[in-house]
Amino acid sequence: MSALTLAARDSSTMIRRQLKRLLRYPSMTVQLVVTPVIILLLFVYVLGGTLGQGLGGGRGAYADYVVPGILLMAVATAATGTAVMVATDMTEGIVARFRTMRISRASVLTGHVVGSVVQQVCGMAVLVGVALAIGFRPNATVLEWFAAAGLLVLFALAVTWLAVALGLRAQTPEAASNAPMPLILLPFLGSGFVPTDSMPTALRWFADYQPFTPIMETVRGLLLGTPIGGSAAQALAWCAGTAVLSFLWARRAFDRA
Amino acid sequence: MTNLAIAATGLRKSYRDKSGDKVVLDGVDLAVPEGTIFSLLGPNGAGKTTTVKILSTLTAADGGDVRVAGHDLARSPDEVRGAIGVTGQYSAVDKLLTGEENLLLMADLGHLSRRDGRRRAAELLERFDLVEAAREPAATYSGGMQRRLDLAMTLVGEPRVIFLDEPTTGLDPRSRRAMWEIVRELVAGGVTILLTTQYLEEADELADRIALLDRGRLIAEGTAEELKRRIPGGHVELAFADAARLDAAVRAVGVGTADPEALTLRVPSDGGVRMVRDLLVLLDDQCVEVAGMSVRTPDLDDVFLTLTGREKETVR
């Protein structure tokens with residue numbers, strides 16, 4: 001077998017391991033699905049009336065506005081779980097066993113990443129379902145839905161590889177749970193919950209140039225028809241760059257640990 | 001000379017920490033012939049686990065040449081990984097998966113076909129007495145069962161060289177005996193085993209050759225018999241009711257150390273039944289009544305006391 005087929009075979013074995021583990025231990029998945037739904041309900045029903053007026057509409061207009069931000073927040077929340085899971089896995093003997101076996105080394109990490117992305121896609125699907133039920137009214141074509149889904153999966157991959165790297169670098173599972181925390185805040189410090197032009201200058205500058213904003217603007221544009229402009233290219237560049245660099249970082253950290 | 005399954009020369013390793021470089025292995029040489037059990041014996045912190053980590057490709061050595069199963073460790077670690085199996089001190093099982101799933105995971109990673117993997121898993125479950133628990137998550141297993149599953153997982157890939165790092169630490173006596181039995185069967189099947197342990201008894205039971213590791217150096221090597229001969233410390237302790245009887249015993253036996261305070265006499269001994277019986281017969285002939293007796297055989301503490309001049313505890 002060539003190195004590539006071996007890597008593919010080991011990765012698929014590790015992905016199956018991870019999916020089984022997620023099914024065996026569903027409380028984490030449930031938590032990752034439920035938390036963003038609660039946030040969505042809070043923002044739409046508690047804050048949405050007032051915030052919607054600021055957008056020149058009502059609660060429905062705010063539901064439309066906030067969904068892309070909460071989708072990204074859901075992924076960032078899941079990243080915390082991934083980092084903890086990787087850090088925990090590293091403290092157990094099983095990973096030491098994998099390292100003494102003649103297998104593709106990156107496959108251990110690939111298993112974690114794919115498992116988490118599957119988890120996140122489920123979470124995002126539930127979130128969009130709930131959003132549609134409470135007044136989220138996208139006007140996207142099928143093609144635009146696919147484009148938005150594709151970008152979100154790419155984003156999930158990038159954030160998850162970053163979470164894996166952070167989990168590997170953390171000394172303890174507790175430390176691993178703190179490392180991805182800033183990611184959860186990024187939708188707030190961008191165009192996720194309110195338009196950036198309502199913010200003070202310094203914050204607005206940060207919000208306009210941080211990576212989550214072009215991604216949220218692109219998803220918003222694809223689903224709701226708002227202008228996308230240069231955001232799409234920036235979004236793809238951020239996602240691809242983060243994914244590649246984090247993959248390399250994670251692989252290096254795994255070899256060294 | 002027979003082929004060596006493990007050949008290491010000048011193995012060195014040090015870790016850097018706050019207090020500077022800490023030398024863990026300081027020039028260790030190992031030669032383990034194929035099909036034998038070699039035991040590394042030493043207290044905590046002697047460097048046993050580090051040695052296993054290096055030999056099993058988990059950690060790189062700072063210096064030294066190592067060949068495992070005929071492959072150079074530094075140049076072709078993947079070839080080495082293909083030939084070895086490792087069962088560590090901490091169980092390396094996936095606790096969320098069942099016993100059977102753990103074994104099938106190993107079969108998949110060993111690139112066995114689906115059918116061969118199932119057959120091998122079933123065989124090992126049977127052999128390690130895990131059939132009933134096969135569908136239970138490993139998290140529900142007892143310590144002994146986890147250790148058996150751990151070893152079964154190591155065997156899925158039919159390794160030629162197996163590293164067992166303190167395989168019985170924390171096990172109850174019955175599980176320990178069961179583990180010994182399994183190890184003996186493995187070697188009968190032709191594999192080579194490097195076993196680390198803190199227990200002289202375990203090395204004595206299993207190993208063809210024993211090496212004593214202390215502070216990163218091998219301080220003695222040989223068969224169990226050879227090592228024990230170098231260790232004094234075994235004795236029979238006789239207790240008496242009063243000083244007169246103790247004096248009579250000292251005159252009758254002629255050797256040993258009397259303790260007039262405790263009213264005891266220590267007679268050097270290998271602890272053998274014949275020697276003890278002869279001693280008691282001798283005292284009986286002289287009509288010296290013995291109030292109590294205990295036999296002490298040399299143990300790891302004696303080994304360390306003798307060879308390092310320090311108590312085992314202080315090494316930690």
Side-chain angles (χ1 to χ4, degrees), chain A residues 1-29 81 84-86 88-112 115-116 119 168 171 173 252-257, chain B residues 49 52-60 68-69 71 76-98 100-102 104-114 117 136-140 146-147 149-151 153-154 156-157 159 161-163 165:
Chain A
M1 268 186 283
S2 76
L4 205 63
T5 16
L6 261 177
R9 188 169 171 179
D10 291 340
S11 297
S12 86
T13 303
M14 289 300 186
I15 290 167
R16 263 179 292 141
R17 164 183 180 240
Q18 199 55 30
L19 292 179
K20 261 184 212 156
R21 286 165 59 91
L22 293 179
L23 288 176
R24 255 343 112 67
Y25 186 55
S27 56
M28 181 92 107
T29 309
V84 174
M85 203 150 184
V86 169
T88 313
D89 216 22
M90 294 300 289
T91 62
E92 309 227 333
I94 186 84
V95 169
R97 178 191 288 284
F98 291 148
R99 284 168 191 286
T100 65
M101 295 178 71
R102 191 180 189 172
I103 58 173
S104 146
R105 289 166 87 72
S107 66
V108 181
L109 304 178
T110 309
H112 276 292
S116 299
Q119 205 177 25
L168 289 170
Q171 304 294 326
R252 201 174 136 99
F254 185 72
D255 278 338
R256 285 199 174 174
Chain B
T49 297
V52 169
K53 278 188 171 171
I54 292 172
L55 296 179
S56 63
T57 77
L58 275 174
T59 307
V68 176
H71 305 289
S76 34
D78 256 346
E79 303 295 321
V80 171
R81 290 187 187 119
I84 63 169
V86 188
T87 289
Q89 193 173 343
Y90 304 102
S91 70
V93 307
D94 190 326
K95 295 199 177 92
L96 292 180
L97 300 185
T98 68
E100 188 178 32
E101 285 168 342
N102 267 297
L104 291 174
L105 175 67
M106 290 299 119
D108 286 341
L109 292 176
H111 310 125
L112 268 63
S113 74
R114 200 167 196 78
E136 305 285 332
T140 64
Q146 280 193 15
R147 212 65 71 88
L149 175 61
D150 195 325
L151 186 53
M153 286 165 73
T154 299
V156 170
V161 179
I162 298 177
F163 298 96
D165 190 14

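Excluded from the calculations below are hydrogen atoms, water molecules and symmetry mates; all remaining heavy atoms, backbone and side chain alike, are included. Small disclaimer: the values here were computed from a predicted structure and weren't measured. Chain letters run A, B, ... following the sequence lines, proteins first, then strands; residues in each count from 1.
The distance from the CG atom of L104(B) to the CZ atom of R16(A) is 9.5 Å, given to the nearest 0.5 Å. In this structure, R81(B) CZ and R99(A) CZ are separated by 9.0 Å, a value rounded to the nearest 0.5 Å.
Between L6(A) and H111(B), the shortest heavy-atom contact is CD2-CE1, 2.9 Å. Closest approach of M106(B) and I94(A) over heavy atoms only: CE-CD1, 4.4 Å.
Remark: K20(A) does not engage D94(B) in a salt bridge, criterion side-chain N to carboxylate O under 4.0 Å.
Judged by distance alone, with hydrogens and angles left aside, the side-chain atoms of R97(A) form a donor-acceptor pair with the main-chain N or O of D150(B) at under 3.5 Å.
Residue V93(B) touches chain A through its backbone alone, counting heavy-atom pairs closer than 4.5 Å. Contact annotation for T154(B): both backbone and side-chain heavy atoms come within less than 4.5 Å of a heavy atom of chain A. Using a 4.5 Å cut-off between heavy atoms, R24(A) contacts chain B through its side chain alone, with no backbone atom that close.
The stretch residues 103-112 of chain A places I103(A), R105(A) near chain B, each with some heavy atom under 4.5 Å from a heavy atom of that chain.
The greatest number of non-hydrogen atom pairs below 4.5 Å with chain A, out of T87(B), L109(B), T57(B), is found for L109(B).
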